[in-house]
Amino acid sequence: MPRLNVIVASTRPGRVGRRIGDWFTAAAVRHGGFDEVRLVDLAEVGLPFHDEPHHPSERVYLHEHTHTWSATTDAADAFVLVMPEYNHGFSAPLKNAIDYLYHEWQHKPVGFVSYGMTSGGLRAVQMIKQVVTTLNMTPVNDAVVVFLRQALDESGELRADPGRDDAAALMLDRLVRLAAALAPLRVTA
């Protein structure tokens, strides 16, 4: 079975992204379609602004943080980006994390759990699709959208939402199927 990395894209202190990432990771484990589900929090990964002198397509990494990020990313067969919308776009730490690598993203499916106030992060998802498809990733159209005003209770915790749970299950079904379909493209000769 495939391996899934759930990447929490916000690194801002006080962020809600980790709570959403924890919820989604638990949903992915319950789903059972992945052999391993790993939560990868970019705030914990702590990548500096892209500091490798070689182009990522060369796969010549000088820094330990890049080797670690490469191994973490390479081990996954599919990704879910838990991403906020900042000023109608995606976060700089997410773009930075993507730009560190090239081959490690190739021919893998990616799903989106977006969150925000007005649009629930949908504008950010539309923008990031151009980036991930350039890396030959396959975006899943079924997504999870979290409208924060409705989703959070008075203490800032996620309210239970069967619709959100159903959306997560549908996206995970699609990711499992795409991970299997794309796996032959990742086999090196």
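Keep in mind the model is a prediction, meaning the values are calculated, not measured. Start at 1 with the first residue, then count along the sequence. Both backbone and side-chain heavy atoms feed into the values below; hydrogens, waters and symmetry mates do not.
- A donor-acceptor distance shorter than 3.5 angstrom exists from the side chain of Glu104 to the backbone of Tyr102, with no hydrogens or angles considered.
- Once rounded to the nearest 0.5 Å, the distance linking CG of Leu158 with CG of Asp22 reads 9.5 Å.
- Residue Phe34 is tested with Leu172, Asn5, Val6, Val29 for a side chain to side chain contact (heavy atoms under 4.5 Å, CB included); the sole match is Leu172.
- To the nearest 0.5 Å, atoms CD (Gln106) and CG (Leu185) are separated by 10.0 Å.
- Taking 4.0 Å as the cut-off between side-chain N and carboxylate O, Asp142 and Arg174 count as a salt-bridged pair.
- Asp173 and Arg177 are not joined by a salt bridge, as no carboxylate oxygen comes within less than 4.0 angstrom of a charged side-chain nitrogen.
- When atom types are taken as modelled, the side chain of Ser114 and the backbone of Val125 share no donor-acceptor pair closer than 3.5 angstrom.
- A salt bridge is absent between Asp74 and Arg186: the closest approach of a Lys/Arg side-chain nitrogen to an acidic carboxylate oxygen does not fall below 4.0 angstrom.
- Residues Tyr100 and Ser70 bring no donor and acceptor atom of their side chains to less than 3.5 Å of each other.
- Interatomic distance, OG1 of Thr138 versus CZ of Phe79, reported as 12.0 Å (0.5 Å rounding).
- Considering all non-hydrogen atoms of both residues, Met117 and Leu148 come closest at SD-CB, 3.9 Å.
- Panel note: side chain Trp69, backbone Ala97; a donor-acceptor pair is recorded below 3.5 Å.
- Distance check, rounded to the nearest 0.5 Å: CD of Glu85 to OH of Tyr115 gives 11.0 Å.
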Original post:
Where do Val140 and Val80 land on the side-chain contact (heavy atoms from CB on, under 4.5 Å) test, with the steps shown first?
Top reply: CA-CA 10 Å; Val140 174; Val80 169; over 6 Å; no
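- Under the 30°/60° scheme for interplanar angles, the aromatic rings of His63 and His65 are found to lie parallel.
- Using a 4.0 Å cut-off between a side-chain N of Lys or Arg and a carboxylate O of Asp or Glu, Arg3 and Asp77 qualify as a salt bridge.
- Atom-to-atom distance recorded for Leu182:CG and His107:NE2 is 8.0 Å, nearest 0.5 angstrom.
- Between the NE2 atom of His103 and the CG atom of Asn136 there is a distance of 11.0 Å, given to the nearest 0.5 Å.
- Applying the under-4.5 Å side-chain rule to Ile, Leu, Val, Met, Phe, Trp and Tyr, the cluster around Phe147 extends to Leu122, Val145.
- Judged purely by atom type and a 3.5 angstrom limit, Asn87 has no side-chain atom pairing as donor or acceptor with the backbone of Gly89.
- In this structure, Arg19 contributes its side chain and Arg15 its backbone to a donor-acceptor pair below 3.5 Å.
- In this structure, Asn96 and Leu47 have side chains that are in contact, with non-hydrogen atoms separated by less than 4.5 Å.
- Using a 4.5 Å cut-off between side-chain heavy atoms of Ile, Leu, Val, Met, Phe, Trp and Tyr, with links allowed through other members, Leu42 and Trp105 fall into the same hydrophobic cluster.
- Geometrically, Arg164 engages Trp23 in a cation-pi contact, judged by NZ or CZ lying under 6.0 Å from the ring centre and within 45° of the ring axis.
- By the 4.0 Å N-to-carboxylate-O rule, Glu52 lies too far from Arg59 to be salt-bridged with it.
- In terms of heavy-atom proximity, Pro93 sits nearest to Thr11 at CG-OG1, 3.4 Å.
- In terms of modelled atom types and a separation under 3.5 Å, the side chain of Lys108 and the main chain of Ala76 share a donor-acceptor contact.
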**OP:** Begin from the C-alpha positions of Arg38 and Thr25 and carry the test side-chain contact (heavy atoms from CB on, under 4.5 Å) through to its verdict.
**Re:** CA-CA 7 Å; Arg38 181 174 183 180; Thr25 299; over 6 Å; no
